[in-house]
S.K.: 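Got a structure for you, written out below as C-alpha cells; questions coming shortly.
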Amino acid sequence: HVTPVEVHGVTISRVTLHNLAEIERLGIMINDQVIISRQGDVIPKITKVLTELRDKNAEEIFPPSECPVCSSPTVSNEEGNFLYCTGSNVCGGRRVTTIEHFASREAMDIKGLGLETVRLLAQKSYLSNIADIYSLHEFKEELYKLEGFGKSSIDKLLLNIENSKKVDLERFLYAIGINGVGLGTSKRLAKFFGSLDNIKGASPSMLEEVEDIGEITAQLVYMYFQSYPNLDIIHRLIHVAGIKFNPVKKESTVEQIFKDQTWVVTGSFDFASRKQWEEILTERGAKISGSVTKNTDCLLAGDGTENGSKMKAATTLGVRIVRERELGKIIKESMDGNYTAVKLF
C-alpha cells in the first residue's frame, strides 16, 4: 500500500512487490519513499527506494512467522522467496482454493465442483473444508433449490462425489494440499512408502530419502501430518466419508532408458493418447514438463504441432524433436535389447 499518487492519469494506491526476494533486492522498508512506474501502462511497480529520504519512522519488513488469517505457522519454499500457511485445511483465507484444488481433475477429479460452484457452496455454508464435500448429500433438497442448479445437475454432482471415493494414493496426497507437494512428488511418496500410514509416520530424514525431496519439502510434508486439524480432516475423509485407496503400483521393472531426461509432449497421436505417452515415458524414467526450455531433452510432437509454440521453442533452443513412430521404435528396440537408438540420447 502506498500513499495515493497519480501515474499517467491513474491514481495508484497499491503496487506489486512480487515476493520476499524482491523486497530484499529493493531493500525496501515500511514508510519508505519510493519511485513508482506502470509496467506496460498496466501494473504499478516500485522501481527504486529513495533511501536518502528515509527517516526514523522506517520499519524493517520481517516475513511473518504465522498466517495472519488462521495463525498457523508459516514455512518458506526451497528457494526461500515464498511463504506458505501450513493450515491449508483450516485456514479461512485458503478455504475456497483448497476445496477447488481437491476436486480438480488431477486430484480427486470431481466433475461439477469447479471454482464458482465451490464459492457458492462455501458462501451458503455448505462447504468449510474438503471433508464437507462428502456430506453434501445430506443437504440434497436444499441444493435443489439453489439458483442456477437443476435437480439433474445436483444429482450428477453427488454421483461424481460418490465415485471419487476410490482413488490412487498419489492423487489423494496431491489433493489434500500439502504445501510444496505437486503431483510428481505425490507419486514418488506413494511409491516409496506404499501407504498413507507410512507417510504420516515418516520423520523428515526418512522423507528426504525419497528422490527429489529436499530438506524443506520434507519439513513441509512432516509438518502437515503433525497438524491435528489436518489429521482430523484426513480421519473424516477416510473413516467417515469412506475414501479407499487403489493398490499402490510397484516400482517399474521396465528399463529406465530415459532416466534423468526431461520430456515435453504435445499434439495428438495415433497409437496412444498424450496422457498415455506421458505415462509410458515416466515409467521409463523421464520427467514430464509442460513447457520447452533450455533444460528440455526431447519434445514428443504429435499431429497439429508444426506451428505451435512448443515446436518453435524446441527448434530455437535446439531441443531434439521426436515423432510417435520414432519413439515407439526406440522403446521396442530397448525391450529387444538393442540400445543403439536409445544411446542417441
Side-chain angles (χ1 to χ4, degrees), residues 70 72 85-146 149 151-179 181-183 185-187 189-190 193-202 221 223-249:
C70 69
S72 296
C85 161
T86 55
S88 55
N89 288 310
V90 295
C91 181
R94 300 180 59 180
R95 177 175 57 175
V96 170
T97 52
T98 297
I99 297 171
E100 190 262 343
H101 169 78
F102 182 86
S104 63
R105 183 172 60 87
E106 290 189 322
M108 300 299 283
D109 194 22
I110 305 175
K111 294 179 177 63
L113 200 57
L115 185 58
E116 293 306 315
T117 301
V118 171
R119 279 178 177 160
L120 176 63
L121 296 178
Q123 182 183 0
K124 298 290 185 181
S125 300
Y126 293 116
L127 292 177
S128 61
N129 57 61
I130 56 179
D132 287 345
I133 292 172
Y134 296 94
S135 300
L136 284 175
H137 65 278
E138 299 174 7
F139 307 98
K140 183 188 293 186
E141 297 303 320
E142 291 89 334
L143 295 176
Y144 286 157
K145 299 173 185 177
L146 288 176
F149 291 87
K151 183 177 184 296
S152 61
S153 63
I154 293 299
D155 287 341
K156 189 176 293 185
L157 171 60
L158 295 177
L159 178 60
N160 291 339
I161 291 172
E162 184 66 26
N163 290 340
S164 74
K165 290 182 179 180
K166 192 76 182 294
V167 67
D168 292 337
L169 175 59
E170 61 195 47
R171 291 168 70 99
F172 180 82
L173 288 171
Y174 177 63
I176 59 178
I178 305 172
N179 290 321
V181 175
L183 193 54
T185 302
S186 298
K187 288 179 179 179
L189 283 167
F193 288 102
S195 73
L196 182 62
D197 285 339
N198 288 343
I199 298 171
K200 285 164 59 179
V221 175
M223 289 184 67
Y224 182 93
F225 290 111
Q226 293 301 302
S227 164
Y228 173 78
N230 288 337
L231 293 176
D232 182 58
I233 292 289
I234 291 173
H235 175 84
R236 288 179 57 192
L237 289 170
I238 295 174
H239 299 287
V240 179
I243 287 178
K244 297 186 183 300
F245 302 124
N246 297 317
V248 176
K249 296 177 183 178

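Values below: all heavy atoms of this structure, side chains included; hydrogens, waters and symmetry mates excluded.
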S.K.: Between K187 and Y174, is any pair of side-chain heavy atoms under 4.5 Å apart?
M.R.: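 Not touching, per the 4.5 Å side-chain cut-off.
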S.K.: Which of parallel (below 30°), tilted (30 to 60°) and perpendicular (above 60°) describes F139 and Y126?
M.R.: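 It falls in the tilted class, 30° to 60°.
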S.K.: Taking the side chain as every heavy atom from C-beta outward, state whether L146 and L121 have any pair of such atoms under 4.5 Å apart.
M.R.: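 Of all side-chain heavy-atom pairs linking L121 with L146, at least one is under 4.5 Å.
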S.K.: CG/N163 to CG/L159 distance, rounded to the nearest 0.5 angstrom?
M.R.: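 Going from CG on N163 over to CG on L159, the span is 4.5 Å.
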S.K.: Between R94 and C85, which heavy-atom pair has the shortest distance, and what is it?
M.R.: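 Reported closest heavy-atom pair: NH1-O, 2.6 Å.
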S.K.: The criterion is salt bridge (charged side-chain N to carboxylate O under 4.0 Å, His left out); which residues satisfy it with K156, sequence neighbours excluded?
M.R.: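 None.
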S.K.: CZ of R171 to CG of N246: how many Å apart, nearest 0.5 Å?
M.R.: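 The distance works out to 9.5 Å.
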S.K.: With S164, which residues qualify under side-chain hydrogen bond (donor to acceptor under 3.5 Å, both in side chains), at least two apart?
M.R.: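 With neighbours one apart ignored, the set is Y134.
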S.K.: So do the side chains of F149 and L143 get within less than 4.5 Å of each other, counting heavy atoms only?
M.R.: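 No; the side chains remain at least 4.5 Å from each other.
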S.K.: Please check if the side chain of N129 supplies one atom and the backbone of A131 the other of a donor-acceptor pair under 3.5 Å.
M.R.: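 The answer is yes, because a donor-acceptor pair under 3.5 Å joins these two groups.
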S.K.: Rounded at 0.5 Å granularity, tell me how far OG1 in T117 sits from CD1 in I99.
M.R.: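 Nearest 0.5 Å value for the OG1-CD1 distance: 12.0 Å.
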S.K.: Would you give the length of the straight line joining atom NZ of K124 to atom NZ of K145, rounded to the nearest 0.5 angstrom?
M.R.: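 Taking NZ in K124 and NZ in K145, the distance rounds to 12.5 Å.
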S.K.: How would you list, by chain and number, every residue that makes a side-chain hydrogen bond (donor to acceptor under 3.5 Å, both in side chains) with K165, sequence neighbours excluded?
M.R.: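 If we apply the side-chain hydrogen bond (donor to acceptor under 3.5 Å, both in side chains) test to K165, skipping adjacent residues, the hits are E162.
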S.K.: From L157 CG over to S152 OG, what is the distance, rounded to the nearest 0.5 angstrom?
M.R.: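 The distance works out to 11.5 Å.
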S.K.: Would you find a donor on one side and an acceptor on the other, under 3.5 Å apart, between the side chain of S227 and the backbone of Y224?
M.R.: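 Looks like no, no N/O pair under 3.5 Å.
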S.K.: Indicate yes or no: at least one non-hydrogen side-chain atom of F102 is less than 4.5 angstrom from one of L113.
M.R.: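 Sidechains of L113 and F102: no contact.
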S.K.: Does R119 reach the main-chain N or O of G114 with its side chain, forming a donor-acceptor pair under 3.5 Å?
M.R.: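 Not confirmed, R119 side chain does not pair with G114 backbone.
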S.K.: To the nearest 0.5 Å, how far apart are CD1 in I243 and CG in L169?
M.R.: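 It is 11.5 Å, given to the nearest 0.5 Å.
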S.K.: Less than 4.0 angstrom from a charged side-chain N to a carboxylate O is my criterion; do D132 and R236 meet it?
M.R.: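 Result for this pair is yes, salt bridge flagged.
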